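Below is one structure, written out as structure tokens, with a few remarks after it.
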Amino acid sequence: MFLSRSVLAFIFLSSLLLFPANSIRLFKAEDESDLFMEAPVYQNGPHCPVLAIHSVVKHGSCPQNVFFHFIASDSSSVVPTQLTRIVKSVFPSLSFKVYVFQKKLVRDLVSSSIRQALDNPLNYARIYLADLLETCIQKVIYLDSDTIVVDNIQKLWNINLTGSRTIGAPEYCNANFEKYFTNDFWSNPRFSKVFEGKRACYFNTGVMVMDLGRWRQGDYTREIEKWMRVQKDKRIYELGSLPPFLLFFGGDIEAIDHRWNQHGLGGDNLVNSCRTLHPGSISLLHWSGKGKPWVRLDAKRPCSVDFLWAPYDLYKFHGYSRHRQLDGFRFDSL
């Protein structure tokens, strides 16, 4: 039997926090419970109120207050009951729920992009969180699965979305914003006027604080779908699920410290290249781009930054060391 380690994971904390994942490792197994090591039990400290994945609970100040929402594709080879068994075997004390994302929701909305992996319908599940999750869930943190949290997730949870802002994320205003859209977009005033009067900057949708209450009130899923329909007809961008977020939220997000998304560690979207860490403090590592750490490690062709992933990977059969040092610091210093 082939199992695919492919899900979107979310987390919410006491009154709600969300984290997603989209990692894939294919393997043969007779018993999926033998594929992963069991994680240590992480408990709340005495200061905690009563009430992605390994890295979040390891570094969280109140790990027992974190609830994970996993979203699996209805076309995945791992059915929800299997996924539930795997997670329970690895994290016996984890609070979580598995949801199924139906790819038919975006079947007629997804257009081809510059990289086939970006066309996976599961990449678009973040647009439908307000519909997928229970209406009592008002705030979440969304994290892609190719991320590692090396700080207390409570700090990210405590960030306020001021005014009417619905999402918060690190902004990168030095990036060339125009390259995310085609010439047909910029030459058509009907489209380009969406950014008039705004200081729209690039942001990465792999790490977001989201107010789902405001999202539902504005019916933002339907608004983003409108841009996806324009894309099907006019071809106004090339990069999967990111541009619709930029079109609707660009210039109106809560800017979060860059330490919460050290992204691009997987290279660019077309080339599996090695990159080094950016200078400055780091709270979250993100292997966005074509190269993924578990693929390069399993193939025994890792980049140096991939060894930062290794201590958190609980898959038993990868064959690389979890205790290797990198550039003079130990993993347990993160």
Side-chain angles (χ1 to χ4, degrees), residues 10-20 48-49 51-52 56 59-62 65-67 69 125-144 147 149-175 177 180 193-227 241-263 278 280-284 286 288:
F10 306 94
I11 57 179
F12 72 77
L13 174 58
S14 58
S15 160
L16 317 174
L17 185 137
L18 183 73
F19 145 62
C48 295
L51 7 203
V56 172
H59 297 287
S61 60
C62 302
N65 288 3
V66 180
F67 194 100
H69 299 261
R126 71 196 82 193
I127 297 171
Y128 295 86
L129 297 183
D131 299 334
L132 287 168
L133 304 184
E134 290 84 349
T135 56
C136 62
I137 300 175
Q138 297 291 302
K139 180 182 179 183
V140 296
I141 294 175
Y142 175 94
L143 303 178
D144 274 348
T147 60
V149 178
V150 295
D151 201 346
N152 183 1
I153 196 71
Q154 182 78 45
K155 298 176 184 177
L156 187 57
W157 176 253
N158 288 340
I159 292 174
N160 292 320
L161 302 180
T162 59
S164 60
R165 288 169 175 160
T166 302
I167 64 174
E171 282 188 309
Y172 303 90
C173 293
N174 292 328
F177 189 77
Y180 293 98
K193 71 178 181 181
V194 69
F195 296 123
E196 284 184 4
K198 296 181 179 180
R199 186 172 183 261
C201 299
Y202 163 75
F203 63 92
N204 183 285
T205 55
V207 179
M208 296 184 288
V209 179
M210 306 175 71
D211 187 323
L212 294 187
R214 291 175 185 168
W215 187 293
R216 293 183 183 104
Q217 290 174 6
D219 199 14
Y220 293 157
T221 296
R222 309 290 88 77
E223 295 297 323
I224 292 176
E225 285 180 337
K226 290 178 183 177
W227 282 113
S241 62
L242 168 65
F245 272 86
L246 298 180
L247 285 164
F248 191 71
F249 291 109
D252 192 26
I253 73 168
E254 190 72 33
I256 294 175
D257 194 298
H258 288 181
R259 67 185 299 153
W260 284 104
N261 195 349
Q262 175 93 192
H263 68 292
H278 306 302
S281 300
I282 300 172
S283 294
L284 185 145
H286 186 189
S288 59

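In what follows, residues are counted from 1 in the order of the sequence shown. Here the structure is a predicted model, which means the values were calculated and not measured.
Nearest heavy-atom pair, Val150 versus Ile282, reported as atom, atom and distance to 0.1 Å: CG2-O, 3.6 Å. In this structure, His59 and Val149 approach most closely via the heavy-atom pair CD2-O, 3.0 Å. Heavy-atom minimum distance, Ala169 versus Val207: CB-O, 3.5 Å. The minimum heavy-atom distance linking His286 with Gly206 is given by the pair CE1-CA, 3.9 Å. In this structure, Leu132 and Ala125 approach most closely via the heavy-atom pair CD1-O, 4.2 Å. The shortest heavy-atom contact between Arg222 and Tyr128 is NH2-CE2, 3.9 Å.
Formation of a donor-acceptor pair under 3.5 Å by the Arg126 side chain with backbone atoms of Thr205 is found in this model. Proximity of a side-chain donor or acceptor of Thr221 to a complementary backbone N or O of Ile127 within less than 3.5 Å is detected.
Screening residues 202-218 for salt bridge (charged side-chain N to carboxylate O under 4.0 Å, His left out) gives Asp211-Arg214 as the qualifying pairs, with residues at least two apart or on separate chains. Listed by first and then second residue, the salt bridge (charged side-chain N to carboxylate O under 4.0 Å, His left out) pairs involving residues 198-209 amount to none (not counting sequence neighbours). Residue pairs that meet the salt bridge (charged side-chain N to carboxylate O under 4.0 Å, His left out) test with at least one member in residues 200-210, sequence neighbours left out, do not exist here.
Using a 4.5 Å heavy-atom cutoff, the side chains of Asp257 and Ile159 are not in contact. Considering only heavy atoms from C-beta on, Leu156 comes within 4.5 Å of Val209 through its side chain. Side-chain contact between Ser288 and Asp144 is absent, with no heavy atoms from C-beta onward closer than 4.5 Å. No side-chain heavy atom of Asn65 sits under 4.5 Å from any side-chain heavy atom of Gln154. Considering only heavy atoms from C-beta on, Trp260 comes within 4.5 Å of Asp151 through its side chain.
In Asn158, the CG atom is crowded: over 12 heavy atoms of neighbouring residues, nucleotides or ligands sit closer than 6.0 Å.
Atoms OH and CG, on Tyr220 and Leu212 in that order, are 12.0 Å from each other to the nearest 0.5 Å.
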Just distance, no hydrogens or angles: give the donor-acceptor pairs under 3.5 Å from side chains in residues 242-254, sequence neighbours left out.
unit_1: Glu254; atom_1: OE1; unit_2: Thr162; atom_2: N; d: 3.0
unit_1: Glu254; atom_1: OE1; unit_2: Thr162; atom_2: OG1; d: 2.6
unit_1: Glu254; atom_1: OE1; unit_2: Arg165; atom_2: NH1; d: 3.2

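Note: His263 and Tyr202 have tilted aromatic rings, judged against thresholds of 30 and 60 degrees for the angle between ring planes.
Listed by chain and number, the residues in a side chain to side chain contact (heavy atoms under 4.5 Å, CB included) with His258 are Pro170, Tyr172 (sequence neighbours excluded). Qualifying salt bridge (charged side-chain N to carboxylate O under 4.0 Å, His left out) partners for Glu196, counting only residues two or more places apart in sequence or in other chains: none.
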For the pair Ile137 and His69, evaluate side chain to side chain contact (heavy atoms under 4.5 Å, CB included) and give the outcome as yes or no after the intermediate values.
-> CA-CA 11 Å; Ile137 300 175; His69 299 261; 3.4 Å; yes
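Of the options Val140, Ile224, Asp131, a side-chain contact (heavy atoms from CB on, under 4.5 Å) to Trp215 is made by Ile224 and by none of the others.
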